[in-house]
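Quick note on labels: first sequence line is chain A, next is B, and so on, each numbered from 1.
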Amino acid sequence: MDTEMEPKYDSKANEERIYEKWLHSGYFNPEKCEADGHTKKEAGVFSIVLPPPNVTGTLHIGHAAMLAVEDIMVRFARMKGSKTLWLPGTDHAAIATQSKVESIIYKKEGVNRHDLGREEFLKRVDAYAKESHDTITNQIRRMGASIDWSREAFTLDEKRNFAVKTAFKQMYDAGLIYRDFKVVNWDPKGQTVISDDEIVYEERKAKFYTFKYSADFPFAIATTRPETKLGDTAVAVNPNDDRFKQYIGKEFEVNFVGTKLNIKIIADENVDIEFGTGALGVTPAHSQIDWDMAQKNNLPLKQVINEYARIISDDPELTGKKTIEAREVIIDRLRTAGLLVKEEEITQNISTAERTGGIVEPLPKLQWFIDVNKEFSLVNSKINGVASGEPTTLKKLMRASVEGGQIKINPERFEKVYYHWIDNLRDWCISRQIWYGHRIPVWYPPEADSLQSGGQEPSADKFYVGVNPPEDKTWIQDPDTLDTWFSSGLWTFSTLGWPENSEDLKTYHPTTVLETGYDIIFFWVARMVLMSGFLLGEVPFKNVYLHGLVRDEKGRKMSKSLGNAIDPLELSDKYGADAVRLSLIIGAAPGNDVKLSEDRVRGYRNFSTKIWNAARFVMMNKVELAETPKLNTSQKQRIEEFSATKKEITEHLEKFELHLAGEKVYHYFWHTFADKVIEENKEYFKTGTTIEKQSAYYLLEKLLLDSLKLLHPFVPFVTEAVYEKFSPEKLLLVENWD
RNA sequence: GGGCGGCUAGCUCAGUUGGUUAGAGCGCUUCAUUUACACUGAAGAGGUCACAGGUUCGAAUCCUGUGCCGCCCACCA
C-alpha cells in the first residue's frame with residue numbers, strides 16, 4: 001500500500017473532487033443509504049427541509065452559516081444510522097425577484113413590465129430564474145451540503161402551485177380566507193399591498209402641527225400629516241374630557257384651507273386626553289385606527305391620497321401633488337390664515353416597506369385576508385391542547401403547538417417572542433399586486449371588472465374559488481398573486497408531496513429540525529406552524545434552531561453598500577470550505593450573532609492543515625499488523641480519554657450544541673491527539689522495537705480514524721480526503737458513528 | 001411605552017443544571033527548529049467575570065436594583 005501522502009493539502013482541488021465522489025455514491029439519498037445497509041431501522045428518521053434561498057440570489061455568508069449548521073446535523077444523524085433526509089429547494093421570492101428582473105430589463109431595454117405585458121414579463125422572469133438557479137445550487141454544493149438533490153423543489157413549480165391552490169381552497173372553504181375592503185398597508189414604490197410584518201419602522205424627525213380647521217371651528221387638533229386632514233370626517237375626543245363633552249355628537253361644516261369638510265364630533269375611549277390637544281382628527285381612509293373608529297361610528301369615507309402617494313382633491317393647487325408638497329402648501333395657508341397654533345419637532349416612527357424602502361401609505365383596498373381569530377375545528381388533530389372536532393382558531397393552534405411542547409425553540413427565549421407576536425397578530429393580508437408569484441385561485445364573472453383589486457368598493461360577492469378554473473371560460477382570474485410567505489408556509493409538507501398522502505409525507509413529516517435565522521421567526525416559522533396546523537393538524541417540525549446573524553469584525557451587519565460583505569465562496573477558494581464552516585460554527589451559540597473576520601477563517605484553515613499533517617505522520621509510520629497489539633498503560637489511557645471525549649461531543653450534538661461540540665473536537669484533535677499522543681509515541685518509531693512500533697502505530701491509527709469520524713460533520717472534506725488514504729474502499733460520509 | 005439580549009484576558013467570544021487555582025482562538029513575551037506540520041512546538045504574561053446589594057458552606061452562574069450598548073415589539077394621532 002501507498003504510505004505517502006502529498007505534503008500539502010490542496011483544499012480547493014480536493015473539495016471539488018470529493019463532492020463529486022459523494023454525489024456519485026448516491027448516499028445523500030436516504031433510500032440509497034437504507035438499500036446499502038447504512039441506515040439502521042431502530043435509529044429513526046431525521047429530516048430537515050432547507051430554507052429555500054432566493055433563486056435569483058447568490059450565496060452570502062448567512063447562507064453559508066445556515067448550510068454549515070444543517071450539514072453538521074445531517075451528517076451526524078446519517079453517521080448515527082438514522083434515515084436522514086435533507087431536502088433542497090429554492091424560493092421564487094415574489095417581489096424581490098420581480099423588482100430585480102424589472103430593473104435589469106429597464107437598464108437593458110428601457111422598458112417596464114407594463115410595456116412588456118404580464119405574459120411576456122413572466123416569461124422573462126422565469127428565464128432569469130432558471131439561469132440563476134444553477135448559480136445558487138452550485139454554491140450550495142461548494143459548501144459541502146450533503147443534501148438530497150433528487151428531491152429538489154421550487155416554491156413556484158407545478159407541484160408547489162398545486163399545493164398552494166389546494167391550501168387556499170381549503171382555507172377558504174373553512175371560512176378562514178375572506179375578501180374585504182379596508183385600510184391596508186400600501187407601498188407606493190412597490191405598487192402593492194404588504195402585510196403588517198413587512199413594515200419596517202424608521203425613526204425620523206417630524207413636525208407636529210397644532211391648528212384649527214377653520215376660524216369657526218371651536219378647538220384645535222394636532223397632527224404630523226396635515227395633508228391627510230383633507231379626508232377628515234370626524235374629530236374624536238375622550239368621553240371623559242370635560243373640555244369637549246359639550247361638542248360630542250355635534251356636526252360642523254368647515255372650510256379647511258379651501259376644502260369643505262363635514263366634521264362630526266365623536267367620543268372614543270382610546271383618545272389620550274394628555275396627547276396633543278386631546279382632540280384627534282379622524283381620517284378613515286388613511287389610518288388604520290381611524291378606519292376602525294369610522295366603522296364603529298358609521299362615518300363616511302373620503303379618500304384623498306392615491307396609489308402614487310399623491311393628493312386627490314378638487315383644489316387645483318393641491319391635486320396631483322406629492323403628500324409632502326401638499327403638506328407645505330396646507331401649512332402655508334394655515335399660517336397665513338392665522339390658524340396654525342403650534343409647530344414642534346418630534347421624533348416619530350415612520351412605516352416603510354421592507355423590500356422597497358417606500359413610505360407606507362394606509363389606503364382603503366379590496367384584498368384577501370386570512371382570519372386568525374375565526375373559529376373552526378380540526379377533523380384529526382395531533383396537536384396537544386387542540387382536540388379534534390372542538391372549536392379552535394389559527395392563533396390558538398399556533399400557541400398550542402409550542403405550549404404543548406411539540407415544538408421546542410432553541411434558544412428558548414424566542415418562545416416568548418413567538419407568543420408575543422401571536423397575541424398581537426391581526427388578520428394577515430395575503431394578496432399582492434405583483435405579477436410574479438402564485439396567482440390567487442379565484443375567478444370573477446366578466447361583468448365584475450370593478451371587483452378586482454383596483455376596485456374601490458366591495459360589490460356583490462359573486463366569485464368562484466377553486467383549484468381548477470371554472471367551467472365558464474369567460475370568467476376572469478384575480479390578477480393578484482399571493483404573499484410569498486403563503487407558499488413558504490407550506491414548505492415543510494409541500495416539498496414532501498402534500499396534498500397527496502405520499503410515502504415521503506408519512507415518513508418525514510413533521511420534520512425533525514427547522515433551522516433558520518431568528519430574523520424570520522414571524523415571517524416564516526410562525527406561518528409554517530399556522531399552515532401545518534390547519535392543513536395537516538400537526539406541527540411542521542419538532543425543533544427550531546435559530547442561528548444568529550453574521551456580522552463583520554466590528555459587529556456591523558454585512559451589506560453590499562457598506563462594502564464589508566465577506567463572500568463565503570471567495571473565502572472557501574482561499575482557505576477551504578471546511579475552514580469557512582468551522583469559523584461560522586465555533587463560538588456561535590444559537591440565537592447569537594457571529595462576528596466573522598478573515599483572521600478567524602485563516603485560523604481554521606490551519607486546522608485543516610494540522611489534520612492533514614497529523615495523518616501524514618501516521619501514514620509515514622505505517623506498519624502491517626497481523627493482530628491487535630498490546631498497549632501500555634498510558635496508551636490505554638489515551639483510548640479511554642478518547643471515549644470520554646467522544647461521549648461529550650456526542651451529547652453536545654444530540655442537544656444541538658454544535659458550537660460546543662465543534663470546539664471540543666477541535667481542541668481534542670489539535671492539543672491532545674497531535675500535541676500529546678503523537679509526541680508521546682514518536683520515539684517508538686525512531687528507536688523502538690518492532691512490537692513497540694506496532695503498538696504505537698495501532699494506537700495512532702485508531703485514534704486518528706476515530707477522530708476523523710467526530711470531525712467529519714464539521715470539516716467533511718479534509719476528513720474524507722484523509723480517510724480515503726487509509727480506507728480507499730470506504731466513505732467516511734456513511735461510516736458508523738458508534 | 002412594553003419586552004429581550006449583551007457587558008468575562010489587549011481583541012473576538014465559550015463557560016450546559018451554582019462546586020476545587022475562571023477557559024479558548026487571535027494578539028503579545030521568551031525559547032526551540034534541517035526528520036508530520038512555521039498554516040509549527042514548548043513555556044509564559046494578562047481577568048476585583050459592568051456596578052451595588054442579597055440568597056448560599058460556596059455565585060461569572062440564582063434573586064433585587066443601577067448603569068451603559070444592542071435588538072425586537074407597540075395604531076400616541
Side-chain angles (χ1 to χ4, degrees), chain A residues 5 7-9 11 183 196-197 199-201 206 208-210 221-225 228-229 232 235-236 268 270-283 286-293 346 348-349 351 362 411 413-417 419-421 423-426 518-519 521-522 548-549 551 553-557 575-576 579 582-583 586-589 591-600 602-621 648 651-652 655 657 659-660 662-664 666-667 670-671 674-676 678-679 682 685-686 700:
Chain A
M5 281 170 68
K8 282 277 172 203
Y9 173 67
S11 59
V183 170
D196 294 341
D197 295 287
I199 290 177
V200 177
Y201 292 100
F208 189 49
Y209 303 98
T210 304
I221 58 160
T223 183
T224 52
R225 300 198 60 191
T228 64
K229 301 293 104 180
D232 280 12
V235 163
D268 194 294
N270 294 320
V271 177
D272 185 346
I273 297 175
E274 306 295 323
F275 190 85
T277 63
L280 158 68
V282 180
T283 322
H286 301 290
S287 151
Q288 200 90 238
I289 352 154
D290 292 9
W291 171 268
D292 294 340
M293 278 189 220
I346 59 159
Q348 66 160 9
N349 278 333
S351 312
R413 69 183 130 93
F414 283 100
E415 289 187 3
K416 258 192 214 169
V417 179
Y419 292 137
H420 185 253
W421 179 79
D423 294 342
N424 287 301
L425 186 62
R426 291 182 298 167
Y518 64 74
D519 51 332
I521 183 166
F522 309 135
L549 268 40
R551 298 173 179 276
E553 62 256 73
K554 288 178 188 138
R556 298 172 306 180
K557 233 176 174 167
Y575 301 111
L582 261 195
S583 70
I586 294 183
N592 287 2
D593 293 352
V594 197
K595 295 198 182 94
L596 186 72
S597 62
E598 199 164 324
D599 269 348
R600 232 172 109 84
R602 196 180 298 123
Y604 291 114
R605 184 270 320 263
N606 297 352
F607 182 56
S608 300
T609 309
K610 194 76 192 179
I611 295 174
W612 184 258
N613 281 309
R616 207 154 66 90
F617 177 79
V618 176
M619 180 63 90
M620 266 168 68
N621 293 291
E648 286 177 37
E651 281 167 9
H652 283 312
K655 286 190 273 181
E657 293 165 344
H659 60 300
L660 298 180
E663 196 175 332
K664 248 175 204 155
Y666 171 93
H667 202 256
W670 197 320
H671 299 299
D675 290 347
K676 302 267 164 38
I678 288 185
E679 291 303 324
K682 227 173 201 173
F685 295 120
K686 284 191 204 162
L700 293 190

- Could you measure between the two P atoms, the one in B:C7 and the one in B:A60, and give it in whole Å? 14 Å
- Task: Please determine, for B:C75, whether a Watson-Crick or G-U wobble partner exists with both distances under 3.5 Å, and give it or none.
- Result: none
- Note on the structure: By the Watson-Crick or G-U definition, both distances under 3.5 Å, B:A52 is matched with B:U64
- Base B:A36 to side chain A:E679, donor-acceptor N/O within 3.5 Å cut-off: yes
- Distance-only side-chain donor-acceptor flag, A:N424 / A:H420, under 3.5 Å: yes
- Message: Rounded to the nearest 0.5 Å, what separates atom OH in A:Y419 from atom CG in A:L425?
- Response: 15.0 Å
- Is A:E663 touching bases, backbone alone, or none of the nucleic acid, heavy atoms closer than 4.0 Å? sugar-phosphate
- Item | Whole-Å distance separating the CG atom of A:D292 from the C1' atom of B:A77 | 14 Å
- When all nucleic acid strands are considered with a 4.0 Å heavy-atom cut-off, which category describes A:H286: base, sugar-phosphate, or nothing? nothing
- Message: Roughly how many Å apart are B:G5 and B:C13, using the C1' atom of each and rounding to a whole number?
- Response: 15 Å
- Query: How close or far is atom P of B:U17 from atom CG of A:L660, stated in whole angstroms?
  - Reply: 11 Å
- Query: Which part of the nucleic acid, if any, lies within contact of A:F208, taking any heavy atom under 4.0 Å across all strands shown: a base, the sugar-phosphate backbone alone, or nothing?
  - Reply: nothing
- Across all strands, who's sitting opposite B:U20 as a Watson-Crick or G-U wobble pair, both distances under 3.5 Å? none
- Message: Can you measure A:I521 atom CD1 to B:G3 atom P for me and round it to whole angstrom units?
- Response: 19 Å
- Item | Span that lies between the P atom of B:U21 and that of B:C49, in whole angstrom | 15 Å
- Item | Whole-Å gap separating C1' (B:A24) and CD1 (A:I586) | 10 Å
- Grab the CE-P distance between A:M620 and B:U35 for me, whole Å please. 10 Å
- Whole-Å C1' distance, B:U61 and B:U20: 16 Å
- Task: Classify the side chain of A:K416 versus the base of B:C4 as yes if they form a donor-acceptor pair under 3.5 Å and no if they do not.
- Result: no
- C1' gap between B:A32 and B:G19, integer Å: 39 Å
- In whole angstrom, give the distance that lies between atom OH of A:Y666 and atom P of B:G23. 18 Å
- Message: Using whole Å, what does the distance between atom P of nucleotide B:C4 and atom OH of A:Y518 come to?
- Response: 17 Å
- Message: Could you tell me how far B:A14 sits from B:A50 if I compare only their P atoms? Round to whole Å.
- Response: 14 Å
- Message: Would you say that A:M293 contacts A:L280 through its side chain, given a criterion of any heavy-atom pair below 4.5 Å between the two side chains?
- Response: yes
- Query: Is it true that the NZ or CZ of A:K682 lies under 6.0 Å from the centre of A:F617's six-membered ring and within 45 degrees of the ring axis?
  - Reply: yes
- Is there a Watson-Crick or G-U wobble partner for B:G5 with both distances under 3.5 Å, and which nucleotide is it? B:C69
- Could you check A:Y575 against A:Y604 for side chain to side chain contact (heavy atoms under 4.5 Å, CB included), going step by step and ending with a plain yes or no? CA-CA 8 Å; A:Y575 301 111; A:Y604 291 114; over 6 Å; no
- Query: Roughly how far apart, to the nearest Å, are B:U8 and B:G47 at atom P?
  - Reply: 14 Å
- Query: With a 4.0 Å cut-off on heavy atoms, is A:H652 in touch with a base, just the backbone sugar-phosphate, or nothing at all?
  - Reply: base
- Note on the structure: Under a 3.5 Å limit on both distances, the Watson-Crick or wobble mate of B:A42 is B:U30
- Message: Under a 3.5 Å cut-off for both contacts, is B:G47 paired Watson-Crick or G-U wobble with anything, and if yes, with which nucleotide?
- Response: none
- For A:D290, which contact category applies under a 4.0 Å heavy-atom criterion: base, sugar-phosphate, or nothing? nothing
- More than 12 heavy atoms from other groups under 6.0 Å of CD on A:E679: yes
- Hey, does A:A674 reach any base, or is it just sugar-phosphate, or nothing, if we go heavy atoms under 4.0 Å? base
- Side-chain donor or acceptor of A:R413 under 3.5 Å from a matching atom on the base of B:C4? no
- Checking N1-N3 plus N6-O4 or O6-N4 for Watson-Crick, or N1-O2 and O6-N3 for wobble, each under 3.5 Å, the partner of B:U35 is none
- Item | Gap between atoms OH and P, on A:Y419 and B:G3 respectively (whole Å) | 18 Å
- Select base, sugar-phosphate, or nothing to describe what A:W670 touches, counting heavy atoms under 4.0 Å on all strands. sugar-phosphate
- Task: Could you say whether A:N270 or A:R600 is positioned toward the 5' end of RNA chain B, judged by the nucleotide with the nearest heavy atom to each?
- Result: A:R600
- Query: Is there side-chain contact between A:W421 and A:D197, with at least one heavy-atom pair below 4.5 Å?
  - Reply: yes
